[in-house]
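Notes follow the structure.
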Amino acid sequence: MPILVYAESDQGIFKKSTQELISFARAIADQMNTEVIAAVTQDPSNANLGQYGAHKVLNLEQPSLGEFNAELVADALTQAARATGSSTVIVSSSANSRYMAPLLAVSLEAGYVPNVVALPQSYTPLTVAHNVFTNKATAFTSLQSSISILGLSKNAYGVHQYDTNAAITKQEVTLTSSSVEVTSLDKASNKVMIADAEVVVSAGRGLKGPENWGMIEELAEVMGAATACSKPVSDLGWRPHSEHVGQTGKPVASNLYIAIGISGAIQHLAGINSSKVKVVINTDPEAPFFKAADYGIVGDAFEVVPDLIQKLKEFKAQNA
Ligand SMILES: Cc1cc2nc3c(=O)[nH]c(=O)nc-3n(C[C@H](O)[C@H](O)[C@H](O)COP(=O)(O)OP(=O)(O)OC[C@H]3O[C@@H](n4cnc5c(N)ncnc54)[C@H](O)[C@@H]3O)c2cc1C
């Protein structure tokens, strides 16, 4: 029975997390001797999803799926899973998929495990490792249902390249009306979105005021990074709420997270501890963040950050 992947896209762009999802599904499909079907809700003709491991692309596109609506997407995927006879559905850990997956699980009477961090330990029954307690522990769960839904954590598996030619098939779905309607969508204007960023440059109250964010933005630009901040910083209105990361903000799972003038409170760490390498710049050697850091600089951000920018610029110029 095939594996269905919800291949999310934004205006026709299939992000790295979607590519990773398809590669993860392909590795499972190879073990289960089956195929990967990537279900899309936006025009897939400009994307070659076969190169990430999809065998087929199922185009569910229709006007009511233009803006993300969890109920309608769950309805469309339910129909796709039934039509294809899929026994496993794989979704990402994006905010949209986290919202949608439980609806899909109810509709398919499926078991759902979010925050999966590795390929299954076993396939009959499907047993997976997944992060729990804001990533402080790993649980191992066996799915006993006839249909399983896995939510893959970002950067848990990586993107793999395949030489597969995935044919696109259109599937008509009949969607019932939703109990909610997306009336407008204001997108954050960050140049690099936090959720997709390989590198995140984040700053806290140690920066003293919004007028000092120029150097943070410059560092982020030099590194091709997204900018983020601690909760008090967005509460004070120094930075937009879309940049707030942590337990009550956005989760970050970047390859590199640079925390500048952030103390490392437990609620902040809860949202960023999936990042692979953490670098901390703080004047206080006792700041709790140093305990969670891979690299630390005890120093004043107003001296360290400009130096870092200059060194990075020199390095880039020498290696251009
Ligand atoms: C229910 C709940 C949910 C919460 N959710 C979140 C959340 O999602 N995200 C979040 O971030 N917080 C959250 N918080 C708040 C959290 O507890 C901390 O208060 C907050 O993270 C502290 O922000 P900060 O580190 O920017 O500020 P501070 O705690 O004020 O720390 C500033 C740091 O900057 C350092 N510093 C000062 N000057 C400099 C300098 N010149 N150079 C370098 N370093 C300097 C200081 O040594 C200090 O470590 C939550 C709290 C609660 C109760």
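Order of listing sets the numbers, starting from 1, for every ligand and every atom in it.
The closest protein non-hydrogen atom to atom 37 (C) of ligand 1 is Gly206 CA, 3.5 Å. Among protein heavy atoms, atom 21 (O) of ligand 1 sits closest to Ala265 CB, 3.8 Å. Scanning the protein heavy atoms around atom 26 (O) of ligand 1, the nearest turns out to be Ser230 OG, 2.6 Å. When hydrogens are left out, the protein atom nearest atom 30 (O) of ligand 1 is Arg205 NE, 2.9 Å; that is the closest non-hydrogen contact. Of all protein heavy atoms, the one lying nearest to atom 25 (O) of ligand 1 is Ser263 N, 2.7 Å. Shortest contact from atom 53 (C) of ligand 1 to any protein heavy atom: Gln267 NE2, 3.9 Å. Shortest contact from atom 5 (N) of ligand 1 to any protein heavy atom: Thr248 OG1, 2.7 Å. The shortest contact between atom 38 (N) of ligand 1 and any protein heavy atom is with Lys208 NZ, 2.8 Å.
Proximity of Ile262 to ligand 1 is established by a heavy-atom distance of less than 4.0 Å. Not a single heavy atom of Gly271 lies less than 4.0 angstrom from ligand 1. Put simply, part of Val245 is less than 4.0 Å from ligand 1, judged by heavy atoms. Using a 4.0 angstrom heavy-atom cutoff, Gly299 counts as in contact with ligand 1.
Atoms of ligand 1 found under 4.0 Å from any heavy atom of Phe302 (numbered from 1 in listed order, with element): 41 (N). Those atoms of ligand 1 with a heavy atom of Gly204 less than 4.0 angstrom away are 26 (O). Taking every non-hydrogen atom of Gln247 and a distance limit under 4.0 Å, the qualifying atoms of ligand 1 come out as 7 (C), 8 (O). Close approach of ligand 1 to Asp284 (heavy-atom distance below 4.0 Å) involves ligand atoms 47 (O).
Nearest to atom 41 (N) of ligand 1 by heavy atom, out of Asn282, Ile260, Val304, Asp300, is Asp300. Looking at Leu236, Asn212, Thr283 and measuring to atom 43 (C) of ligand 1, the nearest heavy atom belongs to Thr283. Comparing heavy-atom distances from atom 33 (C) of ligand 1 across Cys229, Gly249, Gly261, Ala203 singles out Gly261 as nearest.
Residues Ile3 and Ile90 have side chains in contact (heavy-atom distance under 4.5 Å, counting atoms from C-beta outward). A heavy-atom distance below 4.5 Å is not found between the side chains of Met193 and Asp10. With a 4.5 Å cut-off on side-chain heavy atoms, His55 and Asn165 do not count as touching. Between His160 and Phe24, every side-chain heavy-atom pair lies at or beyond the 4.5 Å cut-off.
Of the heavy atoms in Ala301, both backbone and side-chain atoms come closer than 4.0 Å to ligand 1. The side chain of Pro232, and not its backbone, has at least one atom closer than 4.0 Å to an atom of ligand 1 (non-hydrogen atoms only; side chain from C-beta on). If you look at Phe289 next to ligand 1, there are no close heavy atoms at all, none under 4.0 Å.
Exactly one residue among Ile260, Ile258, Leu308 makes a side chain to side chain contact (heavy atoms under 4.5 Å, CB included) with Val279. That residue is Ile258. In summary, of the residues considered (Thr127, Ile28, Leu143), a side chain to side chain contact (heavy atoms under 4.5 Å, CB included) with Pro120 occurs for Ile28 alone. If you run side chain to side chain contact (heavy atoms under 4.5 Å, CB included) between Ile281 and each of Ile262, Val298, Val304, only Val304 comes through.
Using a distance-only test at 3.5 Å, with no hydrogens or angles considered, no donor-acceptor pair links the side chain of Ser86 to the main chain of Val89.
Put simply, OG on Ser92 and NZ on Lys154 are 6.0 Å apart, with the number rounded to the nearest 0.5 Å.
Note: Phe289 and His268 meet the aromatic proximity criterion, with ring centroids under 6.0 Å apart.
With hydrogens and angles left out, the side-chain atoms of Ser202 and Tyr257 include a donor and acceptor closer than 3.5 Å. With 3.5 Å as the limit, one finds a donor-acceptor pair spanning the side chains of Gln310 and Glu314.
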- Message: Before you tell me yes or no, could you show the steps for Lys15 and Glu8 under salt bridge (Lys or Arg N to Asp or Glu O under 4.0 Å), namely the whole-Å CA-CA distance, both residues' side-chain angles and the distance that decides it to 0.1 Å?
- Response: CA-CA 8 Å; Lys15 295 179 188 168; Glu8 277 180 77; over 6 Å; no

- Could you walk me through whether Arg26 and Asp30 pass the salt bridge (Lys or Arg N to Asp or Glu O under 4.0 Å) test, one step at a time? CA-CA 6 Å; Arg26 174 62 180 263; Asp30 287 347; 3.1 Å; yes

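Between Gly264 and ligand 1, a contact under 3.5 Å exists for no N or O pair.
At a distance under 4.0 Å, a protein heavy atom can be found next to atom 7 (C) of ligand 1.
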